[in-house]
Amino acid sequence: MTPRQIRQFNHDLLKWFHEKGRSLPWRETNNPYYIWVSEIMLQQTQVNTVIPYYNRFISRFPTLHALAEAQEESVLKSWEGLGYYSRARNLQKGVREVAEKYNGQVPDDKDKLLSIHGIGPYTAGALLSIAFSEPEPAVDGNVMRVMSRIFLIDDDIAKAKAKKEFENVVQELIAEADPRAFNQSLMDLGAMICHPKNPECPECPVRNHCRAYDEGVQTEYPVKSGKAKPKTADYAVLLISDSEGKILIEQRPDSGLLAGLWQFPMIGESEGGKAAVQKLAGEKIGQSVHLTKESFTHTHRFSHLVWNLSLYSGVICDPIIPGERQEWLPVSELEKRPFPVSHQKVIDWLKKNRRNDT
DNA sequence: AATTCGGGGTA
DNA sequence: TACCCAGAATT
């Protein structure tokens, strides 16, 4: 684009944004900590899903220091159900880093931001532009889709390399714009008009600048290669209760899938058969236990994994002393711990079917 | 450069 | 179903 075309593009885009842009909780503030929280929550997560989580989170951790000083488990509890839990752990790590290294002030320097845990190229750009009004690109899925159509860029956006190309394009456009409004207007355009499947081009404020619209090939962009088929894993979920009706739960490891969350003990069911489950359950719990296969089963789909869960229950008369990451809890207190959604389904079943109240 | 990290909305 | 979502860390 020529400088004149760039000015016209900016004018058309920002005029639309000020008239039709979304009003969102995190747009009512310039507090870098609030913007930071919102950007982390919004990673791979839709706006409407985030809104209630954001409001609760800010209400519970109203300042950067409040989050820095919180128990990690209470942070995970606030994140429960939102997914990608390492985001929450890294956010708190990053906040603690800012509290110690930068006296609680979120730095407005790109390299310093990128050195903070959980802040990558996108989030650094978003903070610099939205919180500090610096002309930095913030390239996410929306921006790649919009720009791929406007300039007919056919790089595979599933590849890491493609992002640089889009950052260069945005960098040229943003130079003459209000960076804060510019980056957010691209995201709103991507979310409200320039949809992946059925873009509403007649409503688009920049369709006159769009090469894909000009050539009628909007739906062929962006170019994106496919993902691998998720693998499946079968598990026996153990509902072990003591004579008082307390349930044995355990905390998952500090790294990997669902790190730090709580769950009912699980056993890989690869070979199937109740006898095998019974034997492994005895080893896991530390004493032999008679299990009953319940009718409850549940399939949980992650983006890269499928869990097939089936439920076994058993009662222990002489309860074991719980291990380091285990605990006996009454059903009524399970909600104090953060559980993954798959095991919340088990809790739902338990509350409907429990035979002995506690 | 490819894989691992959740869960829900949408056509 | 399949794809997408205000991506980053790890391998």
Side-chain angles (χ1 to χ4, degrees), chain A residues 21-22 24-27 35-54 76 79-91 93-94 113-131 136-146 156-164 166-167 170 180 182-192 194-199 219 222 224-231 252-261 298-307 338-345:
Chain A
R22 295 172 291 185
L24 300 167
W26 46 88
R27 288 183 178 173
I35 310 281
W36 186 2
V37 170
S38 74
E39 291 301 341
I40 301 301
M41 286 190 170
L42 285 161
Q43 289 171 10
Q44 298 296 291
T45 311
Q46 296 191 2
V47 163
N48 286 337
T49 303
V50 166
I51 290 173
Y53 280 91
Y54 172 83
L76 285 174
W79 213 270
E80 183 183 54
L82 196 55
Y84 285 160
Y85 298 94
S86 66
R87 292 183 295 174
R89 299 151 59 85
N90 285 336
L91 173 60
K93 269 188 218 164
L113 286 172
L114 287 172
S115 76
I116 294 171
H117 243 85
I119 297 184
Y122 166 76
T123 304
L127 278 168
L128 287 167
S129 61
I130 297 172
E136 281 289 330
V139 174
D140 66 343
N142 284 313
V143 173
M144 287 195 282
R145 184 171 61 257
V146 169
D156 183 351
I157 67 167
K159 309 285 187 185
K161 195 176 64 173
K163 179 175 281 186
K164 283 211 104 179
F166 289 97
E167 284 174 345
V170 172
R180 187 166 202 258
F182 182 85
N183 278 339
Q184 296 189 88
S185 67
L186 280 185
M187 297 173 203
D188 278 16
L189 188 66
M192 300 166 71
C194 198
H195 308 292
K197 296 279 179 61
N198 302 107
T219 54
K224 186 175 185 179
S225 55
K227 281 178 291 191
K229 200 177 85 179
K231 299 179 177 182
R252 293 180 61 87
D254 284 327
S255 64
L257 184 67
L258 302 168
L261 273 68
H298 179 64
T299 298
H300 188 84
R301 298 170 185 284
F302 303 87
S303 43
H304 61 303
L305 190 64
V306 177
W307 275 3
F339 281 81
V341 168
S342 53
H343 282 237
Q344 289 178 38
K345 305 293 185 187

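These figures come from a predicted structure and were not determined experimentally. Here is how names work: the chains are called A, B, and so on, in the same order as the sequence lines, proteins then strands, and each is numbered from 1.
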Is there any protein nitrogen or oxygen under 3.5 Å from a nitrogen or oxygen in nucleotides 7-11 of chain C, and what are the pairs?
residue	atom	partner	partner atom	Å
C:dG7	OP1	A:Gly141	N	3.3
C:dG7	OP2	A:Gln44	N	2.7
C:dG7	OP2	A:Gln44	NE2	3.4
C:dA8	OP1	A:Gly120	N	3.1
C:dA8	OP1	A:Gly120	O	3.4
C:dA8	OP1	A:Thr123	N	2.8
C:dA8	OP1	A:Thr123	OG1	2.7
C:dA8	OP2	A:Tyr122	N	3.2
C:dA9	OP1	A:Gly118	N	2.5

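Side chain of A:Thr45 to main chain of A:Gln43: a donor-acceptor pair is present (N/O by atom type, distance under 3.5 Å, no hydrogens or angles).
Base engagement by A:Trp26 is indicated by at least one non-hydrogen atom pair under 4.0 Å involving a base atom. Residue contacts shown for A:Leu24 include a base, since a base heavy atom lies under 4.0 Å away. No engagement by A:Gly190 is indicated, since no non-hydrogen atom pair under 4.0 Å with the nucleic acid exists. Residue A:Gly256 is in sugar-phosphate contact alone, with no base atom involved, counting any heavy-atom pair closer than 4.0 Å across all strands shown. Residue contacts for A:Arg22: at a heavy-atom cut-off of 4.0 Å it reaches a base atom on one of the strands shown. Within 4.0 Å (heavy atoms only), A:Val50 reaches no atom of the nucleic acid at all.
For A:Tyr122 and A:Glu39, the side-chain atoms include at least one donor-acceptor pair closer than 3.5 Å. Side-chain polar atoms of A:Arg27 and A:Gln184 form a donor-acceptor pair below 3.5 angstrom.
The distance from atom NE2 of A:His304 to atom P of C:dC5 is 19 Å, rounded to the nearest whole Å. Rounded to whole Å, atom C1' of B:dT10 lies 10 Å from atom CG of A:Asn198. Rounded to an integer number of Å, the gap from CZ of A:Arg252 to P of B:dG6 is 8 Å. Rounded to an integer number of Å, the gap from A:Glu39 CD to C:dC5 C1' is 13 Å. To the nearest angstrom, C1' of B:dT10 lies 12 Å from CG of A:Asn48. Atom-to-atom, NE2 of A:His195 to P of B:dG9 comes out at 17 Å; the value is rounded to the nearest Å. Rounded to an integer number of Å, the gap from CG of A:Leu76 to P of B:dC5 is 16 Å. Separating the CE atom of A:Met144 from the C1' atom of C:dC4 is a distance of 12 Å, rounded to the nearest angstrom.
In this structure, A:Arg145 and A:Pro196 have side chains that are in contact, with non-hydrogen atoms separated by less than 4.5 Å. Residues A:Trp79 and A:Met41 are in side-chain contact: their nearest non-hydrogen atoms beyond the backbone lie under 4.5 Å apart. A:Leu42 is not listed as a side-chain neighbour of A:Asp140, based on a closest heavy-atom distance of 4.5 Å or more. Using a 4.5 Å cut-off on side-chain heavy atoms (C-beta onward), A:Ile119 and A:Trp36 make contact.
Rounded to a whole angstrom, the distance from the C1' atom of C:dC5 to that of B:dC5 is 15 Å. Between B:dG8 and C:dA8, the two P atoms lie 22 Å apart (nearest whole Å). For the C1' atoms, the distance from B:dG6 to C:dC3 is 16 Å, rounded to whole Å.
Taking 3.5 Å as the limit, the base of B:dG6 and the side chain of A:Ser303 contain a donor-acceptor pair of atoms between them.
Heavy-atom nearest nucleotides on DNA chain B were determined for A:Val341 and for A:Ala160, and the one closer to the 5' end corresponds to A:Ala160. Between A:Phe302 and A:Ala158, it is A:Ala158 whose nearest contact on DNA chain B lies nearer the 5' terminus.
Distance CD1/A:Ile40 to CG/A:Leu127: 7.5 Å, rounded to 0.5 Å.
Residue A:His300 has a polar side-chain atom (N or O) positioned under 4.0 Å from OP1 or OP2 of B:dG7. Neither OP1 nor OP2 of C:dA2 sits under 4.0 Å from any side-chain N or O of A:Lys197.
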